[in-house]
Participant: 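Structure incoming, see below.
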Number of protein chains: 2
Amino acid sequence: MPATAALKHDAYRPTSARSVGAPHLRPVTFHAPETVIYAQGDDARYLYRIQYGAVRVFRLLADGRRQIVAFYLTGETFGFEIGALHGFYAEAMVNTGLTTTERCSAGTLTHELVEIALKAMIRAQEHLLVVGRQSALEKMAVFLLDLAKRQECEAVIDLPMSRADIGDYLGLTIETVSRTISKLRAAGIIRLHSARSFEIVKPDRLRMMSV
Amino acid sequence: MPATAALKHDAYRPTSARSVGAPHLRPVTFHAPETVIYAQGDDARYLYRIQYGAVRVFRLLADGRRQIVAFYLTGETFGFEIGALHGFYAEAMVNTGLTTTERCSAGTLTHELVEIALKAMIRAQEHLLVVGRQSALEKMAVFLLDLAKRQECEAVIDLPMSRADIGDYLGLTIETVSRTISKLRAAGIIRLHSARSFEIVKPDRLRMMSV
DNA sequence: CGGTGTCTTGAGTCAGTTCAAATATTGTGG
DNA sequence: CCACAATATTTGAACTGACTCAAGACACCG
């Protein structure tokens with residue numbers, strides 16, 4: 001039963017949002033690394049679009065276990081909730097700029113909102129497939145390929161998240177994450193520039209592992 | 001790595017839908033147990049509301065591993081998709097009656113649709129928490145409590161699904177599901193009327209285990 | 001440079017899996 | 001209604017992939 005302590009994080013630090021929007025554009029709020037964007041129980045008033053940076057959305061169990069339900073990258077939108085309150089936490093993982101839109105504003109938005117909500121649902125269900133039924137190696141393969149696809153460059157991956165984040169996303173411990181990455185490196189499938197920057201050398205080998 | 005063979009199922013049997021609607025009411029289609037309602041790749045034209053019965057929605061991996069992403073019971077609605085095609089399979093688990101609505105019809109439907117879609121998303125994300133981070137015992141506790149809450153009667157649970165279904169939903173093998181149920185029974189927390197019908201004797205004990 | 005946090009690696013353990021077999025349970029034809 | 005076949009569930013024993021605990025390597029920052 002994995003359990004990466006997340007409580008030591010900054011879940012209780014005040015949000016360090018600072019508006020730096022250009023005068024006539026929708027203002028961009030800035031969020032420093034490891035700071036809260038919204039917390040479980042907060043009013044769910046806005047949708048957030050990432051201009052630059054990366055965000056994790058997660059939930060905590062009473063004993064500190066954490067499940068990250070999604071990572072969001074530049075250009076993506078998050079912040080859906082069913083009620084008036086957030087059921088999850090959202091934190092910036094690196095320097096992040098966000099623009100907000102009122103959740104319940106113009107009716108024209110509704111159609112787009114449904115699309116985005118459905119996309120989030122599908123992604124959660126696909127994630128379920130990975131977390132519930134795959135080995136550590138398969139999980140990492142899926143994760144890396146997904147990340148590569150969502151970033152501009154398909155070959156070089158910059159990880160905005162720590163090993164602990166990856167573990168809490170895939171349902172693994174940090175040690176297993178690290179060991180799995182080492183195995184992929186030893187097999188010549190990926191090359192590490194640093195702990196947070198990879199190059200996918202043999203994407204086909206990854207793809208073979210991922211289904 | 002669990003792998004309940006699902007291919008032997010009826011995924012390739014033709015759908016046995018038969019309309020038996022009363023003349024002036026929305027027609028109800030009937031689906032026999034273990035029959036396909038829609039398959040991965042089918043046109044996603046309708047939303048389905050369950051009048052009676054129970055449905056599983058799942059996805060298959062190439063090697064036959066199956067992940068059930070959701071069970072739907074009487075009164076619930078399923079069939080959301082992001083594109084024009086279904087990304088998942090839906091099968092009736094018992095005798096099931098469904099009413100359909102066009103997915104993209106009347107604008108008045110939209111608000112309700114958003115609500116249902118968001119609920120499905122939240123449920124998928126909560127399920128992620130269970131599958132990714134909980135022990136077998138915790139998973140079963142959450143599962144049973146959820147099922148009890150969604151059925152009329154809170155104390156007696158009629159399982160419309162097999163052990164294999166439960167396993168593929170929770171990310172466990174049928175053996176582990178069975179053993180876990182045996183443990184709950186031995187602890188006097190549940191009583192079995194039959195393999196598919198329980199009584200929750202000590203719901204508090206279950207609740208204690210479920211977080 | 002020392003200090004602090006992150007990442008990697010090693011060794012032993014355990015929860016859940018696999019394989020195998022016994023026991024219900026359900027359905028079917030006579 | 002019963003006997004038999006087929007299916008579903010339970011239980012046992014051994015195995016293993018991922019976890020836990022512990023220590024070492026690395027990187028970043030003042």
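Heavy-atom basis, side chains included; hydrogens, waters and symmetry copies ignored. To find a chain, count down the sequence lines: A is the first, B the second, and so on, and within it residues start at 1.
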Participant: Please state how far atom CE in B:Met161 lies from atom P in D:dA8, giving the value in whole angstrom units.
Facilitator: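 It works out to 15 Å between those atoms.
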
Participant: Let me know the distance between CD1 of A:Ile174 and P of D:dT20, rounded to the nearest Å.
Facilitator: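 From A:Ile174 CD1 to D:dT20 P: 10 Å.
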
Participant: So that I know where these two stand, are B:Phe58 and B:Phe88 an aromatic pair - ring centroids less than 6.0 Å apart?
Facilitator: no

Participant: Among D:dT10, D:dT20, D:dC19, which nucleotide sits nearest the side chain of A:Glu175?
Facilitator: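 That would be D:dT20.
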
Participant: NZ of A:Lys183 versus C1' of C:dC7: gap in Å, rounded?
Facilitator: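 About 17 Å, once rounded to whole Å.
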
Participant: If you measure from the Lys or Arg side-chain nitrogens to the Asp or Glu carboxylate oxygens, is any gap between A:Arg59 and B:Glu126 under 4.0 Å?
Facilitator: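 Here A:Arg59 pairs with B:Glu126 in a salt bridge, since their nearest N and O are under 4.0 Å apart.
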
Participant: Of the nucleotides C:dT17, D:dA18, D:dT10, which one has an atom closest to the side chain of A:Ser135?
Facilitator: D:dA18

Participant: Regarding B:Ser162, tell me which of base, sugar-phosphate or nothing describes its non-hydrogen contacts under 4.0 Å with the strands shown.
Facilitator: sugar-phosphate

Participant: In whole angstroms, how far is the P atom of D:dC19 from the NZ atom of A:Lys139?
Facilitator: 7 Å

Participant: Among C:dT8, C:dT9, D:dT9, which nucleotide sits nearest the side chain of B:Arg196?
Facilitator: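 Nucleotide nearest to B:Arg196's side chain: D:dT9.
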
Participant: Fit a plane to each ring of B:Tyr38 and B:His86, take the angle between them on a 0 to 90° scale, and name the class: parallel (under 30°), tilted (30 to 60°) or perpendicular (over 60°).
Facilitator: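 Parallel, since the angle between the ring planes stays under 30°.
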
Participant: Rounding to a whole Å, what distance do you find between B:Leu184:CG and D:dT11:C1'?
Facilitator: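 Rounded to the whole Å, the gap is 16 Å.
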
Participant: Rounded off to whole Å, could you give me the CG-to-P distance for the A:Leu192 and D:dA27 pair?
Facilitator: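 Nearest whole value for this atom pair: 11 Å.
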
Participant: Would you say the side chain of A:Ile37 lies within less than 4.5 Å of the side chain of A:Glu91, judging by non-hydrogen atoms?
Facilitator: no

Participant: Expressed as a whole number of angstroms, how long is the span from A:Leu172:CG to C:dC7:P?
Facilitator: 15 Å

Participant: From the options C:dT17, C:dT9, C:dC7, select the nucleotide whose nearest atom is closest to the side chain of A:Arg185.
Facilitator: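 That would be C:dT9.
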
Participant: Is A:Ser182 close enough to C:dT9 that one of its side-chain N or O atoms is under 4.0 Å from OP1 or OP2 there?
Facilitator: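 For C:dT9, OP1 or OP2 has a side-chain N or O of A:Ser182 closer than 4.0 Å.
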
Participant: Is the phosphate of C:dT8, meaning OP1 or OP2, less than 4.0 Å from a side-chain N or O of A:Ser178?
Facilitator: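 Checking A:Ser178 against C:dT8: at least one side-chain N or O falls below 4.0 Å of OP1 or OP2.
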
Participant: Side chain of B:Arg163 only, heavy atoms from C-beta on: which candidate in D:dT9, C:dT6, D:dC19 is closest?
Facilitator: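 Taking heavy atoms from C-beta onward, the closest nucleotide is D:dT9.
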
Participant: Establish whether the base of D:dG17 is bridged to the side chain of A:Arg179 by a donor-acceptor pair shorter than 3.5 Å.
Facilitator: no

Participant: Assign each of B:Ile181 and A:Thr176 to its nearest nucleotide of DNA chain D by heavy atoms, then name whichever residue's nucleotide is nearer the 5' end.
Facilitator: B:Ile181

Participant: Answer whether the closest heavy-atom distance between the side chains of B:Leu85 and B:Gln40 falls below 4.5 Å.
Facilitator: no

Participant: Of the options C:dT17, D:dT11, D:dA18, whose atoms approach the side-chain atoms of B:Thr173 most closely?
Facilitator: C:dT17

Participant: For A:His193 and D:dA27, give me the distance from atom NE2 to atom P, rounded to whole Å.
Facilitator: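 Taking NE2 of A:His193 and P of D:dA27, I get 14 Å after rounding.
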
